[in-house]
Amino acid sequence: MPAPLTPDSVLQGLTPPQREAAMTIDGPLLVLAGAGSGKTRTITRRIAYMVACGIPAWNILAITFTNKAAGEMRTRVASLLSGAGNMGRGATVATFHSLCARLLREFAADANLPNTFSIFDSADQTKLIKQAIKDCSLSVDNFQPGAVQSAISNAKNKLQTPEAFAVNAAAFFERNVARIYAKYEALLRENKAVDFDDLLLKMAILLRDNATVRQTLEERFQYVLIDEYQDTNHAQFVIAHMLCRNHKNICATGDPDQSIYGWRGANLSNILEFEQFYPNAKVVLLEQNYRSTKVILQAASALIARNTKRKKKDLWTDNQKGEKIVLLKAADEHQEAAEVVKRMKAAKEKEGLSWSNCAIFYRTNSLSRVLEDALMKAAIPYQIARGTEFYARKEIKDMLAYLRVVANPADSVNFERIVNVPPRGLGDTSLTRVQSFGAEFDLSLLEACGQSHQIPGLAPRAAASCKKVAELFKAWRAAAYPNEPAVPAAEASEAPLSEEEEESLADLFNQSEEAAEELPLNEPPFVTGTQHSSPITHHSDIRGLMDRIYKESGLEADYKKEDDTENAKAANIEELITVAAEFDAQNPTGTLNDYLEQVTLASDVDKLQDAGGSVTLMTLHAAKGLEFPWVAIIGMEDGLIPHSRAISGLSGNNDDMEEERRLAFVGITRAMVRLTLSSARYRMVRGETIRTIESQFISEMPDEIFDLVDLTAENDDAGSVGYHDEGGYGRRAQKERRSYESTAQRSEADALAGEFKRGMLVRHAQFGLGRIEEISAAGTMTRAVVKFQTSGTKKLILQYARLEKVDA
DNA sequence: TGGAATTGGCTTTTT
DNA sequence: GCCAATTCCA
């Protein structure tokens, strides 16, 4: 019997500031929660407190950053509210993206969206952008899809429609992006799809322009809480504030020092200027840290103090002082990884930790490989926070593409992906014909396939193959949506195949038909052929649909005939089917769209298991919000942390640099007891070994908190060229021969990088006297940022700049 | 048309 | 060094 829920009982054990935050439920509230200050605890208690005060849970909306965080919050709130009966049920806890997806489905008509839209992931998006570029008769070489994609994404985050974007587009590039953007939007519409950014943009615009919808939702969500507010972008800002326009019951929690998503459009001023926006807002600071040792906190505070864009906040802790931070300098990345692993193992044994107490962070995903090798060699279990990796596999994407087309037959992007997978004799030439036919009569690719017999110039065999595919999809669609009248496209393909056509296709479709026949008739819920059973309406059966597609599409036969031994593809699909079965079990009323949405909006951290008994590897970004007793951050090098892209400072200010510093701060503050920061003197980057420089962030923290472990032989300056034994043969030798010159340049660059150091006084023939502010090694080029006394700050390439050292 | 072989390009972070 | 896209060949 859970204790009765009273406001007092809910607040038990909170500190005065936490209590104040939890008890402020009406009006705007900003909770500035330092790292490890018990924010989640405060938020969950706050929700429970509201319910205890008589606010029904279904009037409460909490928005988190990841699905995992949402899940955790849901669980914690549920256990706090277990004694609250009905009043405690029905709170909405979701991420911005999943919330918007859900609401846009509910208000599809108001949002001017088709009722079953698909959500395109970045890969789909890229394909569509490429097509848009081509459709604008521009070249993919001149307009890099990636660059266009981020330009469009930025525009969407700022709620700029193509028209609005065009108005502001002055330069050549922007003007063309405006055209591409408009075309891209048209293509999305044709595919009945929205991209990630659209979920936010369309919801924001709907709330902004449609008073009825706004009122409905404002009544539904009378209390709104937004976590990780420092990472919200403009669209999210608009959504949040439109939802609270009248009641103003908005609680934003976050920490400006942990804002690490500026590159994705997050706008730090959302949190910095919260009080300007709501002049009567209450602000609560949570400054006491319960997580880390004094030493770790000291390091973190010293580092973050270098930033200018922040709200001053003094973290303190009652925890013990703790051990010094290990500053590890290795000769190369292999030694670095081996040593980190060795020390982790030692710490585990000495201090009685479990593997799941340990985590290793890095700036870029590519750094995980060396670590994996080292961990495998040491036979240590590990997990990588890369849940999306599984979904990125070809066979998985193919399978999901089938499902996506079933859910949304207008999705030509995904249809194109699998129309010839497994091979069905539909190559480029055939497909182009189908495409142009579809374009002419305003049909989706699948619809065009259904009418393949009318397509001029299409080889009979290809036409028959098209028709067959269209029929497969018709059958799957009917099975998945038993209550739906047959779609027109399917009707168009009524004409039965001629005998000849059947015959000529026999070899292509042989396996799949056999497989279909083999399906046991009573194996629920599907029966072969066009018989209609309708289990889906009553019970989610993604698994059944997937099973059926796997067999009938010919994928299974295709994968299984592949050279025996390790049948990785088939195994992965089986894994996918297993996971789908879990979805069915957990979401009995879930639809195909729900499933696809979950899969598409899943993030890396979402897949992490808590007590897996294994070491956790992840990027610094993914580490946000987590904590571990033992932490190592590898690759503490200039160009990595801070990343070279931030150093080169294309944005012209040092916002990027500050964000990198915050990223390091986030990493450091994840550690509870032990922290190791490591760097490698030489590191292989994209197949080239480069000489590295220690991260400037190291020098921004006080020396005395470090315990230096230097494994590099200090005499390698002269002999550095021969450091790496190159076994030169094969393609590598070829490449080496070709790039002999650049190799020579590189050792010169290495030498230069060794010669010039940060802080050094130098003279330039043209710019005069200056001081080196940064040094960065980037491939064959070593760059220096030099602040000149009279000519300002310049970025120079050392090889060409001919700098002279000046002795003070 | 489809598979194999070669080449060029490239990497920051993710909903 | 790795991957995707392109080219080459049966």
Side-chain angles (χ1 to χ4, degrees), chain A residues 63-70 94-101 119-123 125-126 130 140-141 144-146 150 153 156-157 194-200 228 231-233 235-236 259-266 333 361-370 385-389 392 394 420-431 459 461-462 465 508 597-606 618-624 635 639-648 656 659-660 662-664 666-667 683-689 730-732 734-735 738 778-779:
Chain A
I63 302 176
T64 60
F65 196 68
T66 62
N67 293 298
K68 184 168 186 248
T95 64
F96 263 110
H97 290 268
S98 60
L99 174 75
C100 292
I119 301 168
F120 273 7
D121 64 19
S122 325
Q125 208 184 341
T126 310
K130 277 187 191 159
V140 188
D141 297 327
Q144 292 168 359
S150 68
S153 179
K156 287 190 174 184
N157 285 335
V194 301
D195 62 25
F196 285 146
D197 301 314
D198 279 337
L199 291 173
L200 305 175
E228 307 285 12
D231 286 321
T232 52
N233 62 31
Q236 291 164 329
S259 162
I260 53 174
Y261 286 99
W263 52 273
R264 187 169 111 180
E333 72 269 27
F361 306 147
Y362 35 80
R363 177 65 227 266
T364 64
N365 275 310
S366 56
L367 296 187
S368 71
R369 185 174 238 98
V370 215
R386 223 190 284 145
T388 50
E389 193 190 43
K394 243 179 260 104
N420 202 30
V421 180
R424 300 185 172 104
L426 293 168
D428 279 345
T429 32
S430 305
L431 209 57
R461 193 187 155 97
S465 197
L508 280 173
E597 190 173 300
Q598 197 183 77
V599 168
T600 312
L601 295 180
S603 73
D604 291 349
V605 245
D606 294 341
M618 65 178 115
T619 63
L620 284 165
H621 281 89
K624 195 172 66 161
L640 236 31
I641 320 173
H643 195 268
S644 51
R645 204 130 146 179
I647 299 174
S648 57
D656 291 350
E659 182 154 316
E660 295 292 314
R662 291 193 292 267
L663 196 52
V666 166
R683 183 179 297 278
M684 176 90 93
V685 179
R686 277 189 246 148
E688 284 178 324
T689 301
R731 217 191 130 202
R732 184 185 188 178
Q734 257 179 31
K735 189 174 180 171
R738 241 187 300 136

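Per chain, numbering begins at 1; letters A, B, ... match sequence-line order.
- Residue Asp121(A) is classed as having no contact, given no heavy-atom separation below 4.0 Å to the nucleic acid.
- Asn365(A) has no side-chain polar atom (N or O) that falls below the 4.0 Å cut-off from OP1 or OP2 of dT11(B).
- Per the geometry, CG belonging to Leu367(A) stands 14 Å off P belonging to dC2(C), to the nearest Å.
- Take Thr95(A) and apply the side chain to side chain donor-acceptor pair (under 3.5 Å) test, not counting sequence neighbours, and it matches Ser98(A).
- Outside the 6.0 Å centre-distance limit, the rings of His643(A) and Trp263(A) are not counted as a close aromatic pair.
- The CZ-P distance, from Arg645(A) to dT13(B), rounds to 10 Å in whole Å.
- Across the interface with DNA chain B, nearest-nucleotide mapping of Asn67(A) and Gly427(A) shows Gly427(A) to be the residue nearer the 5′ end.
- If you take CD of Glu228(A) and P of dT14(B), they are 15 Å apart, rounded to a whole angstrom.
- Whole-Å rounding puts the Glu688(A) CD to dG1(C) P distance at 10 Å.
- Among the heavy atoms of the strands lying under 4.0 Å from Ser430(A) are primed sugar atoms or P, OP1, OP2 only; no base atom is included.
- Judged by distance alone, the side chain of Arg424(A) and the main-chain N or O of Ser465(A) form no donor-acceptor pair under 3.5 Å.
- Within the structure, a side-chain polar atom (N or O) of Asn420(A) is placed less than 4.0 Å from OP1 or OP2 of dG2(B).
- Using a 4.0 Å heavy-atom distance criterion, Lys130(A) is classed as a sugar-phosphate-only contact.
- For Gln144(A), the listed nucleotide lying nearest its side chain is dC10(B); candidates were dT15(B), dC10(B), dT13(B).
- Listed pair Thr619(A) / dT14(B) meets the phosphate criterion, a side-chain N or O lying under 4.0 Å from OP1 or OP2.
- Take the nearest nucleotide of DNA chain B for Leu431(A) and for Thr95(A): the residue whose nucleotide is more 5' is Leu431(A).
- By the 5.5 angstrom centroid cut-off and the 30-degree plane limit, Tyr261(A) is classified as not stacked against the base of dT14(B).
- When the P atom of dT14(B) is taken as reference, atom CG of Leu200(A) falls 17 Å away, rounded to whole Å.
- Per the geometry, NE2 belonging to His621(A) stands 14 Å off C1' belonging to dT11(B), to the nearest Å.
- Of the listed nucleotides (dG3(B), dT11(B), dT15(B)), dT11(B) has the atom at the smallest distance from the side chain of Ser366(A).
- For Ser430(A), the side chain to side chain contact (heavy atoms under 4.5 Å, CB included) criterion is met by Leu426(A), Leu458(A), Ala462(A), not counting sequence neighbours.
- The nearest whole Å value for the distance from the CD1 atom in Ile119(A) to the C1' atom in dT15(B) is 10 Å.
- In this entry the distance linking NZ of Lys394(A) with C1' of dG3(B) reads 13 Å, nearest Å.
- Residues Thr232(A) and Phe96(A) are in side-chain contact: their nearest non-hydrogen atoms beyond the backbone lie under 4.5 Å apart.
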